[in-house]
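Reviewing the structure listed below.
In the text below, chain A, chain B and the rest are named by the order of the sequence lines, each starting its count at 1.
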2 protein chains.
Amino acid sequence: MASIQDVASLAGVHRSTVSRIINGEGKFRSDTRRKVEQAMATLNYRPSAIARSLATASSNMTGLLVTYYTGGFFGEMMEQVQNELDLHKKFLITAQGHHSADGEREAIDRFHALRCEGYVLNSRYLSDDELRELAAESTPFVLLDRLVEGLEDRCITFDHTLAAKMAVQHLIQQGHRNIACISGPMDRISSQQRYQGYLLAMQEAGLPVNPGLTVFGDYKRESGYQAVRELYQTGMTFSALFSCNEEMMLGAVLYFHEHAIDIPRQVALISFDSVDLCQGLYPPVSEVYFPLSEMAQSAVKLLISKINDTSFWGPQHFAPQLRLR
Amino acid sequence: MASIQDVASLAGVHRSTVSRIINGEGKFRSDTRRKVEQAMATLNYRPSAIARSLATASSNMTGLLVTYYTGGFFGEMMEQVQNELDLHKKFLITAQGHHSADGEREAIDRFHALRCEGYVLNSRYLSDDELRELAAESTPFVLLDRLVEGLEDRCITFDHTLAAKMAVQHLIQQGHRNIACISGPMDRISSQQRYQGYLLAMQEAGLPVNPGLTVFGDYKRESGYQAVRELYQTGMTFSALFSCNEEMMLGAVLYFHEHAIDIPRQVALISFDSVDLCQGLYPPVSEVYFPLSEMAQSAVKLLISKINDTSFWGPQHFAPQLRLR
DNA sequence: ATGAAAGCGCTAACAT
DNA sequence: ATGTTAGCGCTTTCAT
């Protein structure tokens, strides 16, 4: 691939002149400009972003760490992040954490290796302490959907506990007393919080919490199906069900349909949302909305404000909202 | 951030020695190694991938172009691409084509700017001619789900026509004669092919093709819903329905449910698949499987073989498969 | 086993 | 308005 020197030689000027023309700095005689532009065209010249990065000490790259890519959740984040970065002509580097602290650490290492100007972390496995240590380094980063004490100004957060509580409260208001819960894995903080919300709503309403009415799944569709089966097999009685994520709700709904259990007559449903998977369901299933897109957008804007050292205006904390159907 | 020179100075050696130790080339006195490692640790040194790229003239980066990110389709590709690249310690750069040829062109420009070693294109808007021109340049690329004459060795392909045909043939074998079709937008080649497949199946079975039985949607859920409504409003009679994608099938199913139309008694369904969205549906909906994951994996492996100039073993052409439910 | 020196493609003072 | 020069952080011959 042609270099700036090749262009300069062909145009009969010095490479710094070519550089200036590319970057539009200063004035040039029109025939100089013409010669250079012609040379660039004939050589099909593209400036090397890499060389430029080294020379300017700014990589123009931004990192995004996620746990995994499949399922639509990540795409939703990525869409926002990429769009915003496109506006600023920045490159996006993605990396996946592979469901482990080591994986996340390695991903961040790569961001550092590329001298990313900053990065957005949807970290689920790094400890608060480790994140605080990371914050001591000079590269700015933002935490998406996580609250770490001491790093509040880098956090974009959502109140999972309250969201779950609101969902369950809605069921309670409908007159339900025996409310089952399909929870997520307890090694994830947001899962714990959602489960907490369920417990809180029950307790505050003075309803007894029957441990047998909670089944712990793994956020996958199949586990939602199995959870409901388990509930019935253990002889539980419930008139409503709260699922801590959409995929498991889909599995649950499948079970209800297969066993001709009438929704919402025999069982009322409400789900925690992520990417609107339940929207197509029939009968419709209410959800408590998780504003991932908006949060991702805020995250990247917050990050850019940190990179450019400007002030950030948007919201950092997002409130849950019921979507009744 | 500390540079290699900082490490060298602190360790009291020359920077080329540090470089060699990092890259494990040659032998070193154990105390030299110790001093250098210590210096790297205290300075928290990370080699700059950018500087390294410039020096070695290999960016270690690979590009991936997609049309958009949301909806799960992209995540499926990304998962495979990233996993494979991780194995080779390569960086992934993503870019979106924004539903236009200009957008795709710009995305590829960025790959060139970063001196990507190669890229995977899920291009929908660049013309065959333009892609052939692009192939004349030195950077290797692979086309995912596209067949361009003259570039066969860079293509990972799927027979959309045959897939659609098989789906419709299945319905015909079940005894259906009036088969409706929800097609995608005709400006997309794969949409045309799928619609072709529908027509072919009907014709080969000697069934009349009623133009009123085809409705053209936009691949979104809502348009599937509207399509079915339109079919009924125009007084069409059909006992089976083929949808050219999953989202539209979800919309259609919603309509059927809302209007108490019995599946599969009153209307039998089969859908073109992409990310298994229909899997959770009840009653179950059969699909013709689109092996996106496998194709993406092949694409990136093919690309890497081109980059490394080794030979490629996997499949380049994928055959459709029915998934009856 | 390690140092010296050149160079990767570009930018950014500093000259003229 | 344009040329000169010195880097940016690293690798890679070539010496020693």
Side-chain angles (χ1 to χ4, degrees), chain A residues 1-37 39-40 43-61 89 91 110 112-117 138-139, chain B residues 1-37 39-40 43-61 89 91 109-117 138-139:
Chain A
M1 195 157 289
S3 77
I4 198 173
Q5 182 58 64
D6 299 331
V7 174
S9 303
L10 184 56
V13 298
H14 196 267
R15 58 183 199 282
S16 54
T17 301
V18 178
S19 173
R20 289 190 194 100
I21 288 185
I22 291 171
N23 298 297
E25 290 168 1
K27 317 252 171 208
F28 327 90
R29 285 215 305 266
S30 64
D31 66 320
T32 309
R33 156 167 260 134
R34 202 184 35 71
K35 279 188 304 186
V36 168
E37 278 169 354
M40 294 201 296
L43 292 175
N44 195 12
Y45 171 70
R46 314 248 139 243
S48 160
I50 291 184
R52 191 176 280 179
S53 292
L54 196 58
T56 59
S58 76
S59 67
N60 239 340
M61 299 184 196
K89 303 260 177 226
F91 299 101
R110 313 183 95 201
H112 284 149
L114 281 174
R115 299 295 187 267
C116 285
E117 301 173 313
S138 58
T139 311
Chain B
M1 193 158 289
S3 77
I4 197 171
Q5 182 59 61
D6 298 331
V7 175
S9 304
L10 183 58
V13 300
H14 195 267
R15 57 184 199 281
S16 53
T17 301
V18 178
S19 172
R20 290 191 192 97
I21 289 184
I22 291 171
N23 298 297
E25 289 167 3
K27 318 253 170 208
F28 328 89
R29 286 215 305 268
S30 64
D31 67 322
T32 308
R33 153 166 263 134
R34 201 184 35 69
K35 279 187 304 184
V36 168
E37 278 168 352
M40 295 200 296
L43 292 174
N44 195 11
Y45 170 70
R46 315 249 139 242
S48 160
I50 290 185
R52 191 177 279 180
S53 290
L54 196 58
T56 59
S58 76
S59 67
N60 240 339
M61 299 185 197
K89 304 259 177 228
F91 298 101
D109 259 8
R110 315 183 95 202
F111 296 155
H112 284 149
L114 281 174
R115 299 296 187 269
C116 284
E117 301 174 314
S138 58
T139 312

Does [X] reach the side chain of [Y], with side-chain heavy atoms less than 4.5 Å apart?
{"X": "B/L114", "Y": "B/S59", "answer": "no"}
{"X": "A/R52", "Y": "A/N23", "answer": "yes"}
{"X": "B/D6", "Y": "B/S3", "answer": "yes"}

Choose from [options] the nucleotide whose nearest atom is closest to any side-chain atom of [X].
{"X": "B/F28", "options": "C/dC10, C/dT2, C/dC8", "result": "C/dT2"}
{"X": "B/S16", "options": "C/dC10, D/dT12, D/dT11", "result": "D/dT12"}
{"X": "B/R15", "options": "C/dT2, D/dT11, D/dC8", "result": "D/dT11"}
{"X": "B/H14", "options": "D/dA6, D/dG9, C/dA4", "result": "C/dA4"}

Between [N] atom [atom2] and [X] atom [atom1], what is the distance in whole Å?
{"X": "A/N60", "N": "C/dT11", "atom1": "CG", "atom2": "P", "value": "12 Å"}
{"X": "B/I21", "N": "D/dT12", "atom1": "CD1", "atom2": "C1'", "value": "16 Å"}
{"X": "B/E25", "N": "D/dT12", "atom1": "CD", "atom2": "P", "value": "6 Å"}
{"X": "B/I50", "N": "C/dG7", "atom1": "CD1", "atom2": "P", "value": "23 Å"}

Which residue lies more 5' along DNA chain C, comparing B/K27 with A/R20 via nearest heavy atoms: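 The residue mapped nearer the 5' terminus is B/K27.
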Short side-chain N/O contact to [N] OP1/OP2 from [X], under 4.0 Å:
{"X": "B/R29", "N": "C/dA1", "value": "no"}
{"X": "A/T32", "N": "D/dT2", "value": "yes"}
{"X": "B/T17", "N": "C/dG3", "value": "yes"}

Stepwise side-chain contact (heavy atoms from CB on, under 4.5 Å) test for B/T139 and B/F111: CA-CA 10 Å; B/T139 312; B/F111 296 155; over 6 Å; no
Using modelled atom types and a 3.5 Å cut-off, is there a donor and acceptor pairing between side-chain atoms of B/S9 and backbone atoms of B/Q5? yes
Across the strands shown, which category fits B/S19 at heavy-atom distances under 4.0 angstrom: base, sugar-phosphate, nothing? base
With DNA chain D as reference, determine whether A/A51 or B/V18 sits nearer its 5' end, using the nearest nucleotide of each.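 Of the two residues, A/A51 wins.
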